[in-house]
Amino acid sequence: MFVVVVVTGTRAVNGDCYDDGSGEGLNGGYIYLMDLHIWYTVMSAIVGGVIGARARLGEIRSIEMVHKRFESFPGAFVKNLVSPQAKRIPINGPSTPVIIIIIIIIMIVLVVTCTAWEELDSSLVYSSKVMCLIIGHFDMICLPHLVEICCDSQDMNKAYAAMFAPFWNEIIKSLREEDFISNREMDLLSIPSNAGSLRLVQWPLFLLSSKILLAVDLALDCKDTQADLWSRICRDEYMAYAVKECYCSIEKILYSLVDNEGRLCSTSNMICPFPIHWNSPKFGNLFTQLYLVSPLFKRTEVGLRFRIGSFRVERIFREINDSILEGSLVITLSLKKLPLVLSRLTALLGLLTRNDPALAKGAAKAVYELYDVVTHDLVSSDLRENLDTWNILARARDDGRLFSRIQWPNDPEIKELVKRLHLLLTVKDSAANVPKNLEARRRLEFFTNSLFMDMPSAKPVSETLPFSVFTPYYSETVLYSTSELKKENEDGISILFYLQKIFPGQLKQLVLVEFPVIFHEWDNFLERIGRDLSTEDAELQENSSDALELRFWASYRGQTLARTVRGMMYYRRALMLQSFLESRSLGVDNYSQNNFTTSQGFESSRESRAQADLKFTYVVSCQIYGQQKQRKAPEAADIALLLQRNEGLRVAFIHVDESTTDESTPRVFYSKLVKADINGKDQEIYSIKLPGDPKLGEGKPENQNHAIIFTRGDALQTIDMNQDNYLEEAMKMRNLLEEFHADHGLRPPSILGVREHVFTGSVSSLAWFMSNQETSFVTLAQRVLANPLKVRMHYGHPDVFDRIFHITRGGISKASRVINISEDIYAGFNSTLRLGNVTHHEYIQVGKGRDVGLNQIALFEGKVAGGNGEQVLSRDIYRLGQLFDFFRMLSFYFTTVGYYVCTMMTVLTVYVFLYGRAYLAFSGLDEAVSEKAKLMGNTALDAALNAQFLVQIGVFTAVPMIMGFILELGLLKAVFSFITMQLQLCSVFFTFSLGTKTHYFGRTVLHGGAKYRATGRGFVVRHIKFAENYRLYSRSHFVKALEVALLLIVYIAYGYAEGGAVTYVLLTLSSWFLVISWLFAPYIFNPSGFEWQKTVEDFDDWTSWLLYKGGVGVKGENSWESWWLEEQMHIQTLRGRILETILSARFFLFQYGVVYKLHLTGDDTSLAVYGFSWVVLVGFVLIFKIFTYSPKKSADFQLVLRFLQGVVSIGLVAAVCLVVAFTQLSIPDLFASILAFIPTGWGILSLAITWKGIMNRLGLWDSVREFARMYDAGMAFSRGLEISLILSGNKANVET
């Protein structure tokens, strides 16, 4: 976060103030490289933001935007995600416009030419029959094509909604299966099929919730005309939709309930008061005008409705319809009585929703009560008297037959209408609260936003490119076991408890919404399995089925193979659904075209399953699955369970045939592919004999290489085992595959880059920081790399490969040991070198898990940094640099290894700057240079100081992240998120991460030997002990931070800064921030890092580890000696030893400078002073050796040794006192001497480790080891382990 701080300051100082002409070219090249890195960071953020905005990313960034634009979703979905086959129905006969014109001409002619009521009545009846025949012919016309002609392009229409409904409902169903929403929320989010006879579009209830109640409130307050009331209702378009649907649904439901005696008319048609396509000038307004200009439609018992046959409608609705058309509704009805009517209606619907015909009598009574309220309270007195004159009603009422019995609804359409209308009248929640879960909101927001992004049209499933998904797995967690979920740490926290209480966490909630939202995923899970919300964990274990569901529920919230398999199998489910609906649209599977909108039964359709299996293959390469089965490991049982639960899953593994007992006979290796048979057992599909052990190189690429033969199709998606997928995104896979045939420049794509969503961002603050950093890289950065820079490679998963292109050009995984530790990017190198084209697409995304704890993140970044160090040494980078043009070469450099080079140079700048200041302070030149610059008018130093002050927050390096926030969250949320990150000390984390990258990248460049570092990928629910942190960060952070701290102390003690303390603070603030971050970040981001009792336990554990001698086979986590030896393993070559020797020489500067600044030496600058300091140092070393002499070796003269130690102690104290008393040596000189000798001792120790062989031959290695142990103990003291306070504080509590 402070990259620009140091660079800018150093540039000014080196370039203007202290440049004496030497090394000008080197300084200039360094400055240009760093400036280019800064400008690339800024410009890539700007360009990436513009490209993302043009691609329409972030247009729908809240659930409120989803509500406002929901009308346009079906049309966009049908345009992009529904194949032409589903929309292509043959048209036989006259074209649609001709048929519509014929209908209109017939109606106009009949109205104009017929004068007698009887003549017009009979003619109209005849014409209606003719039109019914014509309209019936419309079944052979493509429904979307008809709607495009009849409706305005901006209006939602029933045809599109009908095609959109089954897909949307399956998405909502998948959210329910994943427990992100409850059953009630699923009902509110689902779209009706829109295939019934109700002639209007039915929207999801979450858009219409509480709208009826609000409309009633408007009606109660209405003191104006009907037009004014309707105008106020229409200000909220969904309130208008709700009112229309409510009215028409009531009419249809009541019509279906009443028996023949209760009906008012026997053959009358239902006339809807709201014409079809109410706002459509092409269609609806014409029928409205015809209805209004002719009184015949009011006087006859015959009505007309497009595509609707005759319906028997009660007269009371016809009278209300007439009032609506005349604009006298507020006069006809007493709107003050609407709440009473709704209460009676709600009571009736409540009985009908129970689906119990035994309640028919009560429902009949409720119908009568509703009728009584309507006729005696709601309608006006004039209309009430008119109704009372109806003979049929009077006779039925007098005989007690009026609504004495009803027809209980058995029609599925009526049942659905009853349930929906009841929810419409009773749901009072605001639509802003549905769904409550933030992950469900995020997924719906991205999916709906992607519908408006540019993407190729989907081909029919039968014409889609076949593809495979490929996942390598070794020994990671497949499925959490019951014992793992229940196992508690030292604080009594189990994984299950952790997931129940904080998943998916409050951090994301704080950032992405304006108010707290309570997550109910655990409650949703209990509801799904049919348990009460008060069910305890122990009760779930009593039932084997519930216990298994609990294991899956927890595993789906971690980075497990089970989660990955579930996500990838959504591809098969999406293909089955798409194939099923396409088949039904053509009348296949014994379904007519009229049943297109129903998806029920698609998973059991043999044709759909076969079509999906032809197009999709999922292979998980479990390299040691065979060995796991032999030793009956729990991972093998879990993998077998996944095979049983997923029909399309295939597992590849290495089988070792050890049947031969002859040791001289080599073992035989087979690569096998299995699936689950009908009995749940492994069924072998293929077995390929291998020429030998396939594991010759790095494990992961070799795991992929042995199993790639089992993949099929033209495309191959590589998926890591900690990824996830979503059904709504799987539906867009057909579109993505069409990118292989799209125009992307001179060459067709060989790798399709896919956007990632990091789903672990809500687990902890560190996980959120990592998520934001990775999200910025996998979205905005990849966007710019692909276009316009054309240097995007393969940076991991989930890119889609042209399978044929790559398996004929070296495969997708280079596996050479060490050099290909980051095997992913080499696939991109290989593709580019062989004239491939790598693109990036952001209308589809796949989930990705990242590390959530500081240690996990450090290991991951160390692995990546080491891999980049190996890339610097690889021939691939050399060849690409040779073949690229100048600008593309620069783009490639700054986006791959150049990033780590600049990161390392940033940290080196700190050292160069501070060592330069220390040299000037020791030599006394800093004051002279400053005075000379002031006399000459050179203000470069002031410019450097001001530049540092202005950019301390490191805003330039945060620009891409901020731009990503603005683009996808909006400006206000972006600012709020950035401020929240700062308050949660994200700058400390990123500064600490800078040290990790620098250390591992620099070590790999100097010595090579990068290695894979397993991160664990689990939840961090335990306190990390100090010994573990020390082992991981001692050499990468602690040593370097203490070195920088010593330089700063030297600068403040002996340096000169014009302006005093203020200048010093401005000049060194970023460096002190680096020191604090590198020293204390492992405490800050460690659970219970500052808890007293944990500190006591950490000290005991660290002391035991430090003093344990180790031995053969003892690992570094158990012994300091073993760890210390492991830390030296990277120094193997003569070149590496020479470089380490050169770097270690810097530590001797401290002693050389400090001895000439002591009061004891005065103005003496002779070399003898420096030589005498070495004599003193040797004396202290000998004294240390006396006190640390091995007790085993001194067993024969132990008494003499103890006497000698006592004499030396007394003599040392006396000598110090005498020197202070009789010479100019002061107390500050004593501390300055310590300041000088500490780095000198570390330098000597570094040289001794570097030349270990020589030390062994001289017999000094044991002494070197003891000195190293002393230094490590001293660093632990500097880290805050204050032994005296700890020992006196809580030891008694520990023992009790």
Side-chain angles (χ1 to χ4, degrees), residues 817-818 821 855 858-859 862-863 865-866 869-870 873 904 995-1014 1027-1043 1078 1102 1105-1148 1181 1184 1188 1238-1276 1279:
R817 285 194 180 274
V818 183
I821 188 68
N855 291 11
L859 289 171
K863 179 188 72 172
E870 294 292 344
L873 311 175
M904 184 175 64
T996 304
K997 297 172 183 175
T998 300
H999 173 75
Y1000 288 103
F1001 180 76
R1003 174 183 284 188
T1004 304
V1005 171
L1006 290 177
H1007 304 287
K1011 60 182 180 179
Y1012 181 82
R1013 302 173 188 273
E1028 183 176 344
N1029 282 334
Y1030 188 83
R1031 289 192 295 270
L1032 186 57
Y1033 305 123
S1034 172
R1035 300 303 184 256
S1036 61
H1037 294 82
F1038 298 161
V1039 171
K1040 295 180 175 61
L1042 290 174
E1043 181 183 356
W1078 285 7
W1102 179 81
W1105 171 77
L1106 181 69
L1107 300 178
Y1108 185 61
K1109 296 298 182 180
V1112 178
V1114 178
K1115 295 183 179 179
E1117 55 263 29
N1118 300 321
S1119 167
W1120 173 88
E1121 288 188 11
S1122 299
W1123 166 80
W1124 185 64
L1125 293 174
E1126 290 173 1
E1127 284 295 313
Q1128 306 163 18
M1129 295 300 294
H1130 62 280
I1131 306 176
Q1132 298 288 342
T1133 63
L1134 178 61
R1135 168 183 170 273
R1137 290 188 174 92
I1138 293 174
L1139 291 174
E1140 284 290 337
T1141 302
I1142 295 173
L1143 292 175
S1144 299
R1146 71 185 188 272
F1147 294 109
F1148 300 103
V1181 171
F1184 173 79
T1188 59
I1238 288 177
T1240 300
W1242 185 260
I1244 296 172
L1245 189 60
S1246 300
L1247 291 176
I1249 292 174
T1250 302
W1251 301 99
K1252 178 181 177 181
I1254 297 176
M1255 292 297 104
N1256 270 323
R1257 285 191 290 270
L1258 294 176
L1260 298 176
W1261 185 247
D1262 291 341
S1263 299
V1264 171
R1265 183 172 60 245
E1266 292 307 318
F1267 272 108
R1269 193 192 305 271
M1270 180 191 69
Y1271 266 91
D1272 279 319
M1275 278 192 288
R1279 293 282 294 107

- [ ] Can you run down the salt bridge (Lys or Arg N to Asp or Glu O under 4.0 Å) pairs that involve residues 997-1006, sequence neighbours left out, and say none if there aren't any?
- [x]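 Listed once each, the pairs are Arg1003-Glu1127.
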Exercise: identify the closest heavy-atom pair between [X] and [Y]:
X       : Y       : value
Leu1106 : Ala1273 : CD2-CB, 3.8 Å
Ala865  : Tyr1000 : CB-CB, 4.0 Å
Ser1034 : Asp1272 : OG-OD1, 4.0 Å
Leu1247 : Ser1144 : CD2-CB, 3.9 Å
Thr996  : Gly862  : CG2-N, 4.0 Å
Val1005 : Gly869  : CG2-CA, 4.2 Å

[X]: partners by side-chain hydrogen bond (donor to acceptor under 3.5 Å, both in side chains), with sequence neighbours left out:
X       : answer
Lys863  : none
Trp1261 : none
Trp1105 : none
Thr1240 : Gln1151

Open item on the list: Glu1043: which residues meet the salt bridge (Lys or Arg N to Asp or Glu O under 4.0 Å) condition with it, sequence neighbours left out?
Closed with: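 Only Arg1146 meet the salt bridge (Lys or Arg N to Asp or Glu O under 4.0 Å) criterion with Glu1043.
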Can I get a per-line list of side-chain donor-acceptor pairs under 3.5 Å for residues 1248-1257, giving both atom names and the distance, sequence neighbours left out?
from    : atom 1 : to      : atom 2 : distance (Å)
Thr1250 : OG1    : Ser1246 : O      : 2.7
Trp1251 : NE1    : Thr1141 : OG1    : 3.0

Task: Pairwise side-chain hydrogen bond (donor to acceptor under 3.5 Å, both in side chains) hits with a residue in residues 1129-1140, at least two apart - done: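 Passing the test, one end in residues 1129-1140: His1007-Glu1140.
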Please check if the side chain of [X] supplies one atom and the backbone of [Y] the other of a donor-acceptor pair under 3.5 Å.
X       : Y       : value
Arg1031 : Trp1123 : no
Lys1115 : Ser1122 : no
Tyr1108 : Asn1118 : no

Task: Between CE on residue Met904 and NE2 on residue His999, distance to nearest 0.5 Å - done: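 Here the interatomic distance stands at 13.0 Å.
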Open item on the list: Working to the nearest 0.5 angstrom, can you tell me the gap between Glu1121 CD and Leu1107 CG?
Closed with: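 Reported to 0.5 Å precision, the distance equals 10.0 Å.
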Open item on the list: Run the side chain to side chain contact (heavy atoms under 4.5 Å, CB included) test on Ile1244 and Phe1267 for me, step by step, so that the C-alpha distance in whole Å, both residues' side-chain angles and the decisive distance to 0.1 Å come before the verdict.
Closed with: CA-CA 10 Å; Ile1244 296 172; Phe1267 272 108; over 6 Å; no
- [ ] Among Trp1242, Trp1120, Trp1124, find the one that has a ring pair (Phe, Tyr, Trp, His ring centres under 6.0 Å) with Tyr1271.
- [x]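 That would be Trp1242.
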- [ ] Take Leu1006 and Leu1143 through the side chain to side chain contact (heavy atoms under 4.5 Å, CB included) test and state the conclusion after the steps.
- [x] CA-CA 11 Å; Leu1006 290 177; Leu1143 292 175; 3.8 Å; yes
Task: Trp1078/Phe1038 aromatic ring centres below 6.0 Å - done: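 Judged by ring-centre distance (under 6.0 Å), Trp1078 and Phe1038 do not meet the cut-off.
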Open item on the list: So, using ring-ring contact (aromatic ring centres under 6.0 Å, His included) as the criterion, who are the partners of Tyr1033 when residues are at least two apart?
Closed with: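 Applying ring-ring contact (aromatic ring centres under 6.0 Å, His included) to Tyr1033 gives Phe992, His1037.
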TODO: Show the numbers, then the answer: is there a salt bridge (Lys or Arg N to Asp or Glu O under 4.0 Å) between Asp1262 and Arg1265?
DONE: CA-CA 5 Å; Asp1262 291 341; Arg1265 183 172 60 245; 2.9 Å; yes
